Amino acid sequence: MSARILSAFCVEDSLQTSVRFDTSRLDGLRVETIWVAGLRDGWQEAPDRFKSGAGPIFALQEACRRVEVLADVVVIRGYEPLRTGISPGERARAMDIYDGVSVPEAYTRLAQAFCKLHGITESEFLTFCRAVEANCRATAHARGLKLPEPGQNDQMVTSLYRRADCANPVIDFEGELIVGSERAAKMLGIPGTAVGHLRTHREADGPDHVGELAQFVGLDRVLDRVTCTGLALEVYTCFPIVPLGFLYAAGLATSIEGAIAWVEENPLTISGGMNFARAPWNCPALRALVLAHHHSLNTGQDTLVHGNGGLGGWQGVAVLTSDADTHAKV
């Protein structure tokens, strides 16, 4: 794959990562724009608007396809004013996507199915949840994010999840990726980051499919031939069952004890996770791609971004590297 991310920008409330690319520099190039769908766009498919938590990875895949055959540059944009532009009531109504089954309850059913499949007790799962919270808190603290006091959000939302375990949507977010061909990168004099391994998967989703989704077949497929050791990770952390499924699918853990030990020793995210860094609906993986781009440029370390949509029916993984001649460890 020859596509490269040339520039990446985002604003999380008042926290800005990098500066916005001067698009006047693209004059004379073939430029297209695609969007990550917002909460108000609903749950229906629309051309050039990519929905679900994996939507940004699907958008990146489409951008890479286009810069190889149709365009020199594709701009991926997302805008989600969830904190100041959408009332709490409207947010709640728009997020009721499973016909009266709340998202936390749907994920609880998914977690129960996964635990039954792998012989994990409720106590062991709750221990893992607390390990994920501590993991994300440490990264968020290192980023300088404003954090609630430990224990402040310990109230149970469902039988398996506390408020501290759930994605927090109260954020205003804007993000942008400039994806270009090798030709465009050379013309602009911007090396950027190379897009190495990039895979997506889609299957039937929703509470009626938790038995199949708990097997995380989609994650197995998008992670096929990726060795995560040595990569910086941005694992999707909407609810702890997702990073638990990721650790199993990636071969980083084969038991709940191993998963807890891994999370106690290794960062799951570079953002601080979807509670502490918060969760702009379909855009967390867009933020992750922005942060991954800068992390790889600044450190030289390959970075893997995971996107999870619905209850896991949409899966996507992208690996970024700062070296054009180096691809994901596949």
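The structure displayed is predicted, hence computed values, not measured ones.
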Show the nearest heavy-atom pair for residues [X] and [Y], with the distance to one decimal.
{"X": "G316", "Y": "A54", "value": "N-CB, 4.2 Å"}
{"X": "L160", "Y": "C129", "value": "O-SG, 4.1 Å"}
{"X": "L286", "Y": "G78", "value": "CD2-N, 3.6 Å"}
{"X": "M274", "Y": "T237", "value": "N-OG1, 2.9 Å"}
{"X": "P280", "Y": "R287", "value": "CD-NH1, 4.1 Å"}

Check side chain to side chain donor-acceptor pair (under 3.5 Å) between [X] and all other residues, then give those that pass, not counting sequence neighbours.
{"X": "E122", "answer": "none"}
{"X": "T84", "answer": "D172"}
{"X": "R130", "answer": "none"}

Under the rule for salt bridge (Lys or Arg N to Asp or Glu O under 4.0 Å), what residues qualify as partners of [X], not counting sequence neighbours?
{"X": "D96", "value": "none"}
{"X": "R202", "value": "E45"}
{"X": "E62", "value": "R65, R66"}
{"X": "D205", "value": "none"}

- Message: Applying side-chain contact (heavy atoms from CB on, under 4.5 Å) to S271 and E234, what does each step give before you reach the verdict?
- Response: CA-CA 7 Å; S271 69; E234 177 68 24; 2.7 Å; yes
For the side chain of [X] and the backbone of [Y], is there at least one donor-acceptor N/O pair under 3.5 Å apart?
{"X": "R25", "Y": "L188", "result": "yes"}
{"X": "N275", "Y": "A164", "result": "yes"}
{"X": "H197", "Y": "V222", "result": "yes"}
{"X": "R30", "Y": "V74", "result": "no"}
{"X": "N266", "Y": "W262", "result": "yes"}
{"X": "R163", "Y": "N168", "result": "no"}

- Message: Checking T108 against E105 for the side chain to side chain donor-acceptor pair (under 3.5 Å) test, could you report, in this order, the C-alpha distance in whole Å, the side-chain angles of both residues, the deciding distance, and whether it holds?
- Response: CA-CA 5 Å; T108 297; E105 179 56 38; 4.6 Å; no
Show the atom names and distances, to 0.1 Å, of all donor-acceptor pairs under 3.5 Å that link a side chain in residues 207-216 to residues at least two apart or in another chain.
from, atom 1, to, atom 2, distance (Å)
H209, ND1, E212, OE2, 2.9

- Query: Looking at T158, V157, I241, which hits side-chain contact (heavy atoms from CB on, under 4.5 Å) with Y107?
  - Reply: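 Passing option: I241.
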- ring pair (Phe, Tyr, Trp, His ring centres under 6.0 Å) involving F276 - partner list, sequence neighbours excluded: none
- Message: Can you list everything that forms a ring pair (Phe, Tyr, Trp, His ring centres under 6.0 Å) with H118? Sequence neighbours excluded, please.
- Response: F114, Y248
- Message: Quick one about S2 and E182 (side-chain donor to acceptor, distance below 3.5 Å, no hydrogens or angles considered), yes or no?
- Response: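 Checked: E182/S2 side chains show no N/O donor-acceptor pair below 3.5 Å.
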- Item | Polar side chain donor-acceptor pair, Q315 to N308, under 3.5 angstrom | yes
- Message: Using a 4.5 Å cut-off between side-chain heavy atoms of Ile, Leu, Val, Met, Phe, Trp and Tyr, which other residues end up in the same hydrophobic cluster as I171?
- Response: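 Members alongside I171: none; it stands by itself.
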- If you group Ile, Leu, Val, Met, Phe, Trp and Tyr whenever their side-chain heavy atoms sit less than 4.5 Å apart, what else falls in with Y79? W35
- Task: Look at D13 together with R83 and state whether they make a salt bridge at an N to O cut-off of under 4.0 Å.
- Result: yes
- Task: Compute the ring centroids of F9 and F21, then answer whether they are less than 6.0 Å apart.
- Result: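 For F9 and F21, the ring centres are not under 6.0 Å apart.
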- Task: Output the distance between atom CD1 (I120) and atom CG (L126), rounded to the nearest 0.5 Å.
- Result: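 That separation rounds to 11.5 Å.
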- Item | Side chain to side chain, D165 and N153, heavy atoms closer than 4.5 Å |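 Not in contact.
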- Query: I260 versus T127: any side-chain heavy-atom pair under 4.5 Å?
  - Reply: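 Of all side-chain heavy-atom pairs linking T127 with I260, at least one is under 4.5 Å.
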- Message: Please determine whether side chain to side chain donor-acceptor pair (under 3.5 Å) holds for the pair T193 and S322, giving the CA-CA distance in whole Å, both sets of side-chain angles, and the decisive distance to 0.1 Å.
- Response: CA-CA 4 Å; T193 52; S322 62; over 6 Å; no
